Amino acid sequence: MSCTMLKGFKALPLPMSQLSLAAVLKCGQSFRWTAHPLYPAGTTSIAEPTHEYRYCLRDRVVCLRQSADTLFYRSVYPDILNGISSAPESSGDHEKRDLETLAFLRDYFQLDIDLATLYDYWSNRDPVFKGVRDRFTGLRMLRQDPWETIVSFICSSNNNISRITKMVQSLSTHFSPALVSISTPTIQGATDVEGEEDISYHAFPPPSVLAAPSVSAKLRSLGFGYRAEYIQRTAEMLIDEHGSDREVQKWLLGLRNMSTDDARTELLKFVGVGRKVADCILLMCLDKREVVPVDTHVHQIAMKYYGVRGKAGTKLPMTPKLYDEVNDKLANIWGDFAGWAHSVLFTADLRSFSSFGLPSPSPSPIKEIRESTVKLPPTPSPSPRKRMRRDRVEDNLQKAENVLSGLSEFADVSTLDGDMADRVKKRRRVAAIRRPVTMSDLSEW
DNA sequence: GCCCAACCTCAG
DNA sequence: TGAGGTTGGG
């Protein structure tokens, strides 16, 4: 790859097995990252960065690119901070900002959690997971901002990623001033010169801004539907309760130190936050890694492959009791990081990948497995590749059935008595394996 | 404690 | 017509 392409970027050694930006940033956890192609579609090798990803924080825009073994990053600041209107900034300022950005990345991507070890752990416990792991490497949970996460997931009810993304973006552009304008990356090897344009970046609006009574009508007009009132009222509740944005933020971050149940109880007080949305928030910004948010899709898979009550293919009303059954079952199988495993299996199984012009993970492994349990009609001369894939899927299904029928040592513990189940669970508990990314990993490109 | 219709909008 | 759901009334 050319050096000029990454001028101004710092490099952090990081294998794809630990983080795949393309998967993580567009799988339905975060809705505010933008993806910008660096080459005309279909002209690059996977070893080189294909896109630049951008995300606007309160004071800077973080820009990322990824190659097979390296994460490249830089941040862009408004002119006022760039020394245009004051003294020229020193190289020391640059250094300080880069360290701050690196600190943000390590926290946001939770880089001290060793994802490869977790994948191995889940694979050993769950043949179904093992069957799909290779197609979704580097999928990890983000550690996001609580306020942004709450609003984003209030928007998520009865909704899809594409529309949620539009809503969250429009929330930012309408209620938060532009922080800085940046031109899109030059597309290397493009035949026409067009494509380079300035884009304004807006941070996510703080609670005090969305708490204003006029906001709900405005949100209605922006197409938020019944979620408009939920967002305004939730913002209002938080500001009324805690006074200022700073205090709200402090209190929200404090939820990370509470037990899962206590934190969930607090979240359920907000309007527009039910059990499912609360669990998404717990998992995606409050460090509750064992929580598995249950929607109808998860329930379908849980019925089919993990022996949860109900008839696969048909739908049962998602009562609190059924919700707990699904949640407990999956948490038992996947352990302390069950919510992370869930994200690999479920948030990855979304067609919406294609709507961002990113490489599609299809055919969806989940769908593929689902279809293969049905008697497959004799296919006229399947390609050798397809043939192998189906064999593999059926092999995995056989293993899955072994698990479900108790033949495996990883059989479900929920049928054991409480004491024994606890001891089994304890023995199975994985110690979070940490692979600290140290400051010495930081190198100048 | 459990059930169910209504709710915005858009894609299939 | 229903979706990766929640609310409010019975």
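Each chain gets a letter, A, B and so on, in the order its sequence line appears, and its residues count up from 1. This structure is a prediction, so every number in the text was calculated from the model and none was measured.
- Nucleotide dC2(B) holds its C1' atom 14 Å from the CG atom of Asp324(A), rounded to whole Å.
- Salt-bridge annotation for Arg58(A) and Asp145(A): absent, with no side-chain N of the basic residue lying under 4.0 Å from a carboxylate O of the acidic one.
- Asn160(A) places its CG atom 18 Å from the P atom of dC8(B), with the value rounded to the nearest Å.
- The side chain of Arg227(A) contributes no N or O atom lying less than 4.0 Å from OP1 or OP2 of dC8(B).
- Between the side chains of Tyr39(A) and Glu48(A), at least one donor-acceptor pair of N or O atoms lies under 3.5 Å.
- Following rounding to the nearest Å, Lys276(A) (NZ) and dT6(C) (P) show an atom-to-atom distance of 8 Å.
- For the side-chain contact (heavy atoms from CB on, under 4.5 Å) test, residues two or more places apart in sequence or in another chain that qualify with Arg246(A) are Ser244(A).
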Per-nucleotide pairing state of DNA chain C [Watson-Crick or G-U, under 3.5 Å; [ ] pseudoknot-crossing; | other strand]: |||.||||||

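- One can place CZ of Arg163(A) at 14 Å from P of dG5(C), the figure rounded to the nearest angstrom.
- There is a side-chain donor-acceptor pair under 3.5 Å between Arg133(A) and Ser123(A).
- When only modelled atom types and interatomic distance are considered, Asp279(A) and Tyr323(A) share a side-chain donor-acceptor pair under 3.5 Å.
- Tyr55(A) pairs in a ring pair (Phe, Tyr, Trp, His ring centres under 6.0 Å) with only one of the listed residues (Phe204(A), Tyr201(A), Tyr108(A)), which is Tyr108(A).
- For Asp295(A), taking side-chain heavy atoms from C-beta onward, the closest of the listed nucleotides dC8(B), dG4(C), dT6(C) is dG4(C).
- Look at NE2 on His299(A): it is 16 Å from C1' on dG5(C), rounded to the nearest Å.
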